[in-house]
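Notes follow the structure.
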Amino acid sequence: MGKSSLPFERLRKKMVERLEAEGIIRNSRIKEAMLTVPRHLFVPDISEDIAYEDMPIHIGGGQTISAPHMVALMSEALDIKAEHRVLEVGSGSGYHACIIGCVANKGEVYSVERLASLAEIARKNIEIVGLCRNVKIIIGDGSEGYTEAAPYDRICVTAGAPTVPQVLKEQMKTGGKLLIPVGSRDVQELLRITKTGKDRYIKENLGGCVFVPLIGENAWH
Ligand code: SAM
């Protein structure tokens, strides 16, 4: 029997086992979310059979859904608690927002997408999956954050920026964490910024990564 003919649930379990064996998934809540959220419903129909491969997949508009290991790694690095208020910048397919929504299941997730067509797809995907009613998709420029629901416990940027937008740092609560790829348009370093007080931050470099560019007022033009 070919790999693609295995039921999706089995493929999803294998994906999670692989990520656990690689030491990427460690938190049981993230494991549960990645076991539950049907990733194949967040990719275009023609890519369903590769939905559980560890690779980014094109979702239209020149954009991609990040590889499962990157979604798991970012979710782990943010240390999201059930009651957290989270901002995601770059909704894409809505998959990562849905994972965050399941982990922060007593909190709120605001996900900003600059492309209206993708925001609509993300909204529909999340509605069809029906697992996270706490996720709100907003059309806008996430390089400006989303002041309406600030401040946030966690901010997750899923596109690469030239620098860390000051406004995102300001929209964090004290004790909050911001994860953002920063570098050139082609390759970045994944930075974790922790807010320790007013205008006080600790910056950590979690390693190299490749994301599509963050395009906006406080990012690439
Ligand atoms: N998290 C997504 C998922 O689960 O499918 C994948 C995100 S994709 C790697 C990056 C997304 O960021 C794209 O959909 C792109 O349109 C979006 N983006 C780029 N610049 C943006 C901005 N300034 N504000 C909001 N979204 C932006």
Side-chain angles (χ1 to χ4, degrees), residues 15 30 33-34 37-44 47-48 50-75 77-78 80 86-104 109-126 128-129 131-132 135-149 152 154-168 171 178-183 185-188 190 209-221:
M15 172 190 82
I30 292 168
M34 292 197 69
V37 178
R39 185 173 159 91
H40 62 281
L41 298 183
F42 288 85
V43 300
S47 302
E48 260 192 9
I50 53 165
Y52 296 99
E53 304 283 321
D54 197 11
M55 59 195 266
I57 298 171
H58 289 284
I59 52 173
Q63 307 301 325
T64 53
I65 174 174
S66 305
H69 81 267
M70 188 49 72
V71 175
L73 187 153
M74 291 180 91
S75 305
L78 274 174
I80 300 163
V86 185
L87 172 67
E88 181 193 38
V89 175
S91 317
S93 65
Y95 174 73
H96 200 165
C98 192
I99 294 285
I100 296 172
C102 288
V103 178
V109 182
Y110 297 85
S111 181
V112 184
E113 171 57 53
R114 68 177 273 273
L115 297 177
S117 56
L118 279 183
E120 196 44 46
I121 287 173
R123 240 180 236 143
K124 272 213 186 96
N125 287 343
I126 286 175
I128 289 167
V129 163
L131 288 169
C132 40
V135 177
K136 192 170 172 199
I137 306 285
I138 296 124
I139 301 169
D141 176 5
S143 78
E144 302 196 277
Y146 183 60
T147 45
E148 287 84 339
Y152 302 96
R154 300 290 186 261
I155 300 180
C156 184
V157 182
T158 66
T163 55
V164 182
Q166 179 63 25
V167 68
L168 293 184
Q171 288 183 20
L178 157 66
L179 211 56
I180 180 166
V182 174
R185 283 183 87 107
D186 303 316
V187 61
Q188 305 89 27
L190 186 60
C209 54
V210 175
F211 279 84
V212 293
L214 182 74
I215 295 170
E217 189 58 32
N218 301 310
W220 298 103
H221 296 301

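When a ligand or atom number is given, it counts from 1 through the structure's own listing order.
- Remark: minimum distance from atom 7 (C) of ligand 1 to any protein heavy atom is reached at T158 OG1, 3.3 Å.
- Residue L214 has no N or O atom closer than 3.5 Å to an N or O atom of ligand 1.
- Per-residue contacts place G142 under 4.0 angstrom from the following atoms of ligand 1 (heavy atoms of the residue considered): 22 (C), 23 (N), 24 (N), 25 (C).
- For L115, every heavy-atom contact with ligand 1 shorter than 4.0 Å involves the side chain, none the backbone.
- Among all protein heavy atoms, the one lying closest to atom 23 (N) of ligand 1 is I215 O, 2.7 Å.
- Near I65, meaning under 4.0 Å from any of its heavy atoms, are these atoms of ligand 1: 5 (O).
- Every atom of ligand 1 with a heavy atom of S143 under 4.0 Å away is listed here by number and element: 23 (N).
- Under the 30°/60° scheme for interplanar angles, the aromatic rings of F42 and Y95 are found to stand perpendicular.
- Comparing heavy-atom distances from atom 3 (C) of ligand 1 across S91, P213, S66, G160 singles out S91 as nearest.
- Set against the non-hydrogen atoms of S93, the atoms of ligand 1 under 4.0 Å away are 3 (C), 4 (O), 5 (O).
- Proximity of V71 to ligand 1, defined as any heavy-atom pair under 4.0 Å, is not found for any part of the residue.
- Qualifying salt bridge (charged side-chain N to carboxylate O under 4.0 Å, His left out) partners for E120, counting only residues two or more places apart in sequence or in other chains: R123.
- Counting the atoms of ligand 1 from 1 in the order shown, those under 4.0 Å from a heavy atom of V112 are 25 (C), 26 (N).
- Listed by number with element, the atoms of ligand 1 under 4.0 Å from a non-hydrogen atom of T64 are 6 (C), 7 (C), 8 (S), 9 (C).
- Under the 4.0 angstrom criterion for non-hydrogen atoms, S111 is not in contact with ligand 1.
- In R114, the parts holding a heavy atom less than 4.0 Å from any atom of ligand 1 are both the side chain and the backbone.
- Listed by number with element, the atoms of ligand 1 under 4.0 Å from a non-hydrogen atom of V212 are 9 (C), 10 (C).
- Here the heavy atom of the protein found nearest to atom 14 (O) of ligand 1 is E113 OE1, 2.7 Å.
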